[in-house]
S.K.: 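This is the structure, below, for whatever I ask next.
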Amino acid sequence: MSETDSEALLGKLQEYVTAHSGTVLKLEKWGKKKLHYAIKKQLKGNYFFLCYLGNQQILNDIDHALRFNENILRYQTVKADSAAVLAGE
């Protein structure tokens with residue numbers, strides 16, 4: 001995935017959050033890192049961290065966007081404790 005493609009995807013994810021009255025709390029680009037094992041013959045991948053407050057519709061939109069994007073090797077969604085999120089952990 002090129003730099004412009006990843007920027008476009010991150011912008012799209014932020015739009016999903018704000019379109020449904022959500023709030024992006026944190027967006028971090030962790031950069032290109034070596035994978036522990038090859039996935040689709042790829043040995044390196046770009047890592048991103050997106051933390052947001054929102055509803056189920058935001059989660060559904062993000063899940064759909066990531067699941068059907070052929071450039072995404074893996075993604076993980078985790079529901080965080082609201083107190084931890086508001087504390088900035």
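Every heavy atom of this structure was used, including side-chain atoms; hydrogens, water molecules and symmetry mates were not. Model, not experiment: these values are computed from the prediction.
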S.K.: Run the side-chain donor-acceptor check on residues 66-73: report pairs under 3.5 Å with partners two or more places apart or on a different chain.
M.R.:
unit_1	atom_1	unit_2	atom_2	d
Arg67	NH2	Asp63	OD2	3.0
Asn69	OD1	Asn71	N	2.9

S.K.: Between the side chain of Asp5 and the main-chain N/O of Ala8, is any donor-acceptor distance below 3.5 Å?
M.R.: no
S.K.: Would you please name every residue forming a salt bridge (charged side-chain N to carboxylate O under 4.0 Å, His left out) with Glu3, sequence neighbours left out?
M.R.: none
S.K.: Listed by chain and number, what are the side chain to side chain contact (heavy atoms under 4.5 Å, CB included) partners of Gln76, not counting sequence neighbours?
M.R.: Val78
S.K.: Could you work out, with side chain to side chain donor-acceptor pair (under 3.5 Å) as the rule, every residue matching Thr4, not counting sequence neighbours?
M.R.: Ser2
S.K.: For a quick test of reading the model, state the closest non-hydrogen atom pair linking Leu53 to Leu25 and the distance between them.
M.R.: CG-CD1, 3.7 Å
S.K.: Could you state the interatomic distance from CZ (Arg74) to CG (Leu35), rounded to the nearest 0.5 Å?
M.R.: 9.5 Å
S.K.: Treat each ILVMFWY residue as a node, draw an edge where side-chain heavy atoms are under 4.5 Å apart, and state whether Trp30 and Leu43 are in one component.
M.R.: no
S.K.: Any side-chain hydrogen bond (donor to acceptor under 3.5 Å, both in side chains) pairs touching residues 37-48, not counting sequence neighbours?
M.R.: none
S.K.: Who are the salt bridge (charged side-chain N to carboxylate O under 4.0 Å, His left out) partners of Lys32, not counting sequence neighbours?
M.R.: none
S.K.: Measure the OH-OG1 distance between Tyr52 and Thr23 for me, rounded to the nearest 0.5 Å.
M.R.: 12.0 Å
S.K.: Provide the closest heavy-atom pair for Leu13 versus Ala65 in the form atom of the first, atom of the second, distance.
M.R.: CD2-CB, 4.4 Å
S.K.: Would you list the pairs meeting side-chain hydrogen bond (donor to acceptor under 3.5 Å, both in side chains) in which at least one residue belongs to residues 9-22, sequence neighbours left out?
M.R.: His20-Asp61
S.K.: Any side-chain heavy atom of Val17 within less than 4.5 Å of one from Ile62?
M.R.: yes
S.K.: With sequence neighbours left out, what residues match Thr77 under side chain to side chain contact (heavy atoms under 4.5 Å, CB included)?
M.R.: Leu59, Tyr75
